[in-house]
Structure formats: structure tokens, C-alpha cells
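Inspection log for the structure reproduced underneath, given as C-alpha cells.
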Amino acid sequence: MHHSHSPEPAAGQAAAVFNRGDFVLYRDPSRFWAGEPGHTFPCRVEKAWASGDYELTELKTLRPIYGALPQYMRLLPPADAMRDIDTAPLQADGAAAEMTSAAMAWLAQQGTRADQGPRRRELPPQRG
């Protein structure tokens, strides 16, 4: 029989594994159960320890968080962060007002790459 020092995951639920660089939502269980405000915040995973806990950096304050347990962490999926870019119309009135300058720069870069690809809008200059 397998015994571990960490709490067992709920039935049918695998223990989450996070990697360095992942963005997660972390809930500080001590603050939460004490009824204190500000108990849940986005973080970046800095280290994963063999003991099963994590070292995080709170994104807003850059405060380090030591000993974060995976039971109180949820992955913030990259698809959610990129949805506005992935679903944005390339040419639309008002699109610029709804997207960040970084998103617009990314779209412009993609458009430039597409222009350089096989679908050129103009013929290359003739040499000869």
C-alpha cells in the first residue's frame, strides 16, 4: 500500500503537476479560511520541489510565495490569455480599440509574415 505525506487527491482527480513558467491562480488557504480579503491571486511558477510543493511569484507585487500546495493552485490556460488575439478579426472597425498594443503588434507581424509567404500580393521585381 502506498503512503504519502501529501493529502490524497479526490476520487477520480489526478494530482496537478505544474511546470516552471506556468501561470496559475493561487489561493492562500490560511487567508481564505481566516476570512481575510486578498486570498486569491495570479502567480508564475518558479520552482517545483520534490516534496510536491511550489515556489511562486505573485504577478502584481512580485512577492515570492514559498510552500504553495498544488491543491490550492489552478492552471491559467494560455488559450484564455490569447483568446482575444486568436478570435480577433484581422480587418474590422473598432478592433484596435478592443485590443492591446501588444496584440496589434503580434497581428501586424503575422500579416507581414503572410505577405512574405507564398501568397504574395505583388510580384517580385524582375531581374535581368
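For this chain, numbers begin at 1 and follow the sequence in order. Note that the structure is a prediction, hence the values are computed from the model and not measured.
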Next item on the list: Establish whether Phe32 and Tyr26 are linked, either directly or via other cluster members, by ILVMFWY side-chain heavy-atom contacts under 4.5 Å.
Entry: yes
Note to self: Within this structure, what is the CD-CG distance for the pair Glu46 and Asp22, rounded to the nearest 0.5 Å?
What the structure shows: 11.0 Å
Margin query: Check for me, please, whether Leu76 and Ile85 land in the same ILVMFWY cluster - side-chain distances under 4.5 Å, paths through other members count.
Written below: no
Margin query: Looking at every heavy atom in both Gly52 and Pro70, which two are closest together, and how far apart are they?
Written below: O-CD, 3.3 Å
Next item on the list: Decide whether Leu75 and Met73 are clustered together by the hydrophobic rule: side chain heavy atoms of Ile, Leu, Val, Met, Phe, Trp, Tyr closer than 4.5 Å, transitively.
Entry: yes
Item checked: same_hphob_cluster(Phe41, Leu25) at 4.5 Å side-chain heavy-atom cutoff -> no
Notebook entry, point to check: Hey, what do you get for CG (Leu69) to CZ (Arg27), rounding to the nearest 0.5 Å?
Noted result: 14.5 Å
Next item on the list: Just jot down the salt bridge (charged side-chain N to carboxylate O under 4.0 Å, His left out) partners of Asp80, sequence neighbours excluded, or say none.
Entry: Arg83
Note to self: When you group the ILVMFWY residues by side-chain heavy-atom contacts below 4.5 Å and let the links chain together, are Leu56 and Tyr66 in the same group?
What the structure shows: no
Check: Quick one: OG1 on Thr40 to CG on Asp28, what's the gap to the nearest 0.5 Å?
Finding: 8.5 Å
Next item on the list: Report the relative orientation of the aromatic rings in Phe18 and Tyr54; use parallel for angles under 30°, tilted for 30 to 60°, perpendicular for over 60°.
Entry: perpendicular
Check: Does anything in residues 51-63 pair up under salt bridge (Lys or Arg N to Asp or Glu O under 4.0 Å), and if so which pairs, sequence neighbours excluded?
Finding: Glu58-Arg63
Check: Who are the salt bridge (charged side-chain N to carboxylate O under 4.0 Å, His left out) partners of Arg20, not counting sequence neighbours?
Finding: none
